[in-house]
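Order of appearance sets the numbers: ligands from 1, and atoms from 1 within every ligand. Note that the numbering runs from 1 along the sequence shown for the chain.
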Amino acid sequence: MYGLTIEAGLADLKGRYDLYGPIHKGLRRAQGEMLTRLGTADFADPAALGTLGELRRLLELGAAHIGHEETHVHATIARAEANRVDLLERQHESHRETHVRLEALIRAIEQAAPAERPSLGRRLYLVFGVHIAHDLLHMFEEETVAAPTLWATQTDTQIAGMEHAIISSLPPEKNMAFLSLMIPAVNRDERFALLSGVKAGAPKEAFNVVMEVIARPNLSREDFSDLNERLNRAEMQTV
Ligand SMILES: [Fe+2]
Ligand SMILES: [Fe+2]
């Protein structure tokens with residue numbers, strides 16, 4: 001299911017709309033950090049329960065992400081190459097099964113006596129690690145096989161339209177949660193493009209919240225200044 005096609009060569013972006021790139025960078029970063037935290041957690045200590053709550057929220061975002069792809073992207077890929085979507089949806093199904101297993105482990109730790117938590121925590125660490133391994137391979141498939149199918153059959157405006165449909169379908173707090181994954185995970189050019197889109201599409205107050213509550217605390221001083229200056233420069237050029 002997770003066979004790779006690296007030998008077939010990696011398609012370069014060549015300036016095309018990168019639907020998968022920023023959200024996948026966000027998921028890779030957040031999942032990698034979470035794995036490190038689970039690896040260092042002292043599960044006998046009640047403080048570890050806070051980490052479990054954050055893991056649960058991260059899994060919810062991952063589950064929402066695969067739902068968004070199925071609702072807003074897969075039909076277009078299927079029209080071009082039906083078997084591509086079959087593979088992606090089998091991988092999604094495997095993710096859903098792992099999500100159920102992870103949620104059961106989280107609940108077991110929450111309900112266990114302190115002395116029983118470390119061995120359950122080790123299980124959680126191992127299962128979450130293998131979940132990330134599968135997700136890395138799945139995202140590789142999407143960015144090297146599904147994305148080129150989109151580029152071959154859709155204009156950038158059409159691909160951006162799929163992303164817009166996803167954003168429009170979400171309540172503000174979910175969009176904020178996804179932005180908090182993406183903003184610290186992407187490079188400066190991608191971050192400027194992402195925030196330019198937010199600035200153009202969201203109310204001014206919401207944009208200010210994204211800048212002050214998500215971007216500023218999660219970026220280095222230099223990265224935040226770079227972002228702010230680029231956005232200001234772009235605004236001056238449009239005036
Ligand atoms: Fe996916
Ligand atoms: Fe994905």
Side-chain angles (χ1 to χ4, degrees), residues 1-6 8 10-13 16-35 55 57-103 127-154 156 158-170 174-187 190-191 193-194 197:
M1 185 187 294
Y2 289 103
L4 296 182
T5 50
I6 299 170
L10 298 179
D12 289 326
L13 280 175
R16 294 302 309 272
Y17 198 86
D18 192 11
L19 177 68
Y20 291 110
I23 182 57
H24 283 180
K25 277 191 172 182
L27 287 166
R28 287 187 188 95
R29 176 182 182 272
Q31 291 181 141
E33 285 191 348
M34 180 54 72
L35 186 66
L55 171 59
R57 282 190 287 282
L58 180 56
L59 293 173
E60 283 169 5
L61 292 178
H65 169 67
I66 63 181
H68 300 154
E69 289 173 343
E70 289 175 2
T71 305
H72 297 282
V73 184
H74 283 191
T76 303
I77 298 172
R79 275 197 294 279
E81 289 182 84
N83 56 348
R84 292 266 178 259
V85 167
D86 286 348
L87 173 65
L88 296 178
E89 295 195 352
R90 280 205 307 281
Q91 292 174 336
H92 283 184
E93 222 30 69
S94 164
H95 280 26
R96 289 192 176 99
E97 286 163 16
T98 314
H99 286 158
V100 170
R101 191 151 175 228
L102 287 165
E103 173 56 31
V127 175
F128 186 64
V130 89
H131 169 61
I132 295 177
H134 287 165
D135 199 27
L136 289 172
L137 295 172
H138 170 65
M139 292 189 285
F140 180 83
E141 183 82 21
E142 289 181 326
E143 290 186 52
T144 60
V145 179
T149 301
L150 288 175
W151 296 328
T153 58
Q154 306 294 303
D156 281 343
Q158 288 171 314
I159 299 171
M162 293 175 197
E163 185 170 80
H164 188 70
I166 293 169
I167 293 167
S168 310
S169 72
L170 299 179
K174 267 274 151 42
N175 278 317
M176 293 285 183
F178 280 111
L179 283 169
S180 68
L181 293 187
M182 292 187 280
I183 288 172
V186 295
N187 66 38
E190 292 162 341
R191 193 177 295 123
L194 187 63

Angle at the Fe ion (ligand 2), NE2 of H65 to NE2 of H24, rounded to 10 degrees, please.
100°
Taking Y17's backbone N and O only, do any of them form a donor-acceptor pair with W151's side chain (distance below 3.5 Å, no angle check)?
yes
Apex the Fe ion (ligand 2) - arms OE1 from E142 and OE2 from E69 - angle rounded to 10°
100°
N, O or S from H138 under 2.8 Å to the Fe ion (ligand 1)
yes
Are R90 and E93 within salt-bridge range, i.e. N to O under 4.0 Å?
no
Minimum heavy-atom separation for E141 to L87, with atom names?
OE2-CD2, 3.3 Å
Note: R101-E97 ion pair, threshold 4.0 Å (strictly below):
no
